[in-house]
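Below is one structure, written out as structure tokens; the observations come after it.
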There are 2 protein chains.
Amino acid sequence: MVELQTHPIDTVFHALSDGTRRRMLRELAQGERTVSQLAEPHDMSLAAASKHIKVLEGAGLIRREIHGRTHLCRLEPGPLATAHEWLTFYERFWTSRLDILERLLREEDAQTSAQDEIRKSPLKSPAPQKSETEPETGEDQ
Amino acid sequence: MVELQTHPIDTVFHALSDGTRRRMLRELAQGERTVSQLAEPHDMSLAAASKHIKVLEGAGLIRREIHGRTHLCRLEPGPLATAHEWLTFYERFWTSRLDILERLLREEDAQTSAQDEIRKSPLKSPAPQKSETEPETGEDQ
DNA sequence: AAATTATTCAACCGATCGGTTGACAATAAA
DNA sequence: TTTATTGTCAACCGATCGGTTGAATAATTT
């Protein structure tokens, strides 16, 4: 048993990296659900869904209460807050006006310097550079 | 080639689920870095680090500019903003006073109703229930 | 031209992932 | 007491993950 340290946030981000599990969280945002209620919309065996739920539970994203033969799950927002906080560290990179200006300058620089030698100067961008300043969709699930 | 749809945010959360990659992002928050600069602090082969960098690139979290034989990487905050936004949906669950009250009531209810029958009422919590209201560490990496 | 440096690629490895199936345990309903 | 219902468990499967090594590529230095 080696058990090399796995940071808790590893398991949170891992849990969130699966669409099925994200949909389950969305469902739980509406209120408590049993295991079979959570499983129902997903095209997979109950056992598979049960595993997903266990992953969410392992990440601390949900908690379950056992009432007789049914297990009631509810959202546990703590780890989501932690992940949110973690990402907030990078907020300045997508909000700061300075940074936007910086990026624009870099792109402009890339265009004008497309033909000159790239020898010692460590900040040129000769790559194809498709205009991608807008953040991607976000969407459901 | 089946290629079942993988949501972009899947790859973002997956990229973030690894400590090595999160440390690389932190490093890139300080400024641009070459592949070997990013690899250096990590106890693994350059090839392994290179793979991590490719994962980050695949998730759109970084972008690289090739200058001769060196690859300069820089942070691309868009996907981080997307993930942050995604998590923001759940913000009300960890901020709302109403929700805190709700949770407190639920815990109190659990204590007082520990001995009465749990038959038809769908909102009882008889589980051991260790007090966990505080969000976990957050920390570095 | 030869040697060094920066990086990727391809093949391989064991571990983990996401799914299946079939059996099982426990509760609830007939 | 029998029968359903709810959910887990264990074993298995192919795919992906995170790492290795050795070779290849490409640019720079000597």
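Not measured: the values here are computed from a predicted model. Every chain is numbered from 1 and lettered A, B, ... according to where its sequence line falls, protein lines coming before strand lines.
- Each of F93(A), F89(A), W94(A) was evaluated against H84(B); a single residue qualifies, W94(A), per the ring-ring contact (aromatic ring centres under 6.0 Å, His included) test.
- At a threshold of 4.5 Å between non-hydrogen side-chain atoms, the residues R22(A) and I9(B) count as touching.
- Applying the 4.0 Å criterion to OP1 and OP2 of dT8(D), one finds that H71(A) has a side-chain N or O inside that range.
- Rounding to the nearest 0.5 angstrom, the gap separating the CE atom in M44(B) from the NZ atom in K51(B) is 11.0 Å.
- One can place CZ of R21(B) at 8 Å from C1' of dC17(D), the figure rounded to the nearest angstrom.
- Between the side chain of R69(A) and the base of dT6(D), no donor-acceptor pair under 3.5 Å is found.
- The distance from atom NE2 of H67(B) to atom P of dA27(D) is 13 Å, rounded to the nearest whole Å.
- Between L16(A) and L87(B) there is a side-chain heavy-atom pair separated by less than 4.5 Å.
- The side chain of T70(A) places no N or O atom within less than 4.0 Å of a non-bridging phosphate oxygen (OP1 or OP2) of dT6(D).
- Look at CG on D18(B): it is 11 Å from C1' on dG19(D), rounded to the nearest Å.
- In this structure, CG in L80(B) is found 6.5 Å from CH2 in W86(A), a value given to the nearest 0.5 Å.
- Comparing dT7(C), dG19(C), dG19(D) by their nearest atom to the side chain of S36(B) picks out dT7(C).
- Residue H42(B) contributes atom NE2, which lies 14 Å from atom P of dG18(D) at whole-angstrom precision.
- Across all strands, K51(B) comes closer than 4.0 Å to base atoms (heavy-atom distances).
- Each of T34(A) and L46(B) lies near DNA chain D, and the nucleotide nearest T34(A) is the one positioned closer to the 5' end.
- If you measure from atom CD of E40(A) to atom C1' of dT6(D), you get 15 Å, rounded to the nearest angstrom.
- Side chain of M44(A), nearest nucleotide from dC9(D), dC9(C), dG19(C): dG19(C).
- Among the protein residues, S45(B) comes within range of the nucleic acid bases, having at least one heavy atom under 4.0 Å from a base atom.
- If you take CZ of R23(A) and C1' of dG18(C), they are 13 Å apart, rounded to a whole angstrom.
- When the P atom of dT28(D) is taken as reference, atom CD1 of I66(B) falls 12 Å away, rounded to whole Å.
- Rounded to a whole Å, the CD1 atom of I53(A) is 14 Å from the C1' atom of dG18(C).
- Residue H14(A) is the one, among A47(A) and H14(A), whose nearest nucleotide of DNA chain C lies closer to the 5' end (criterion: closest heavy atom).
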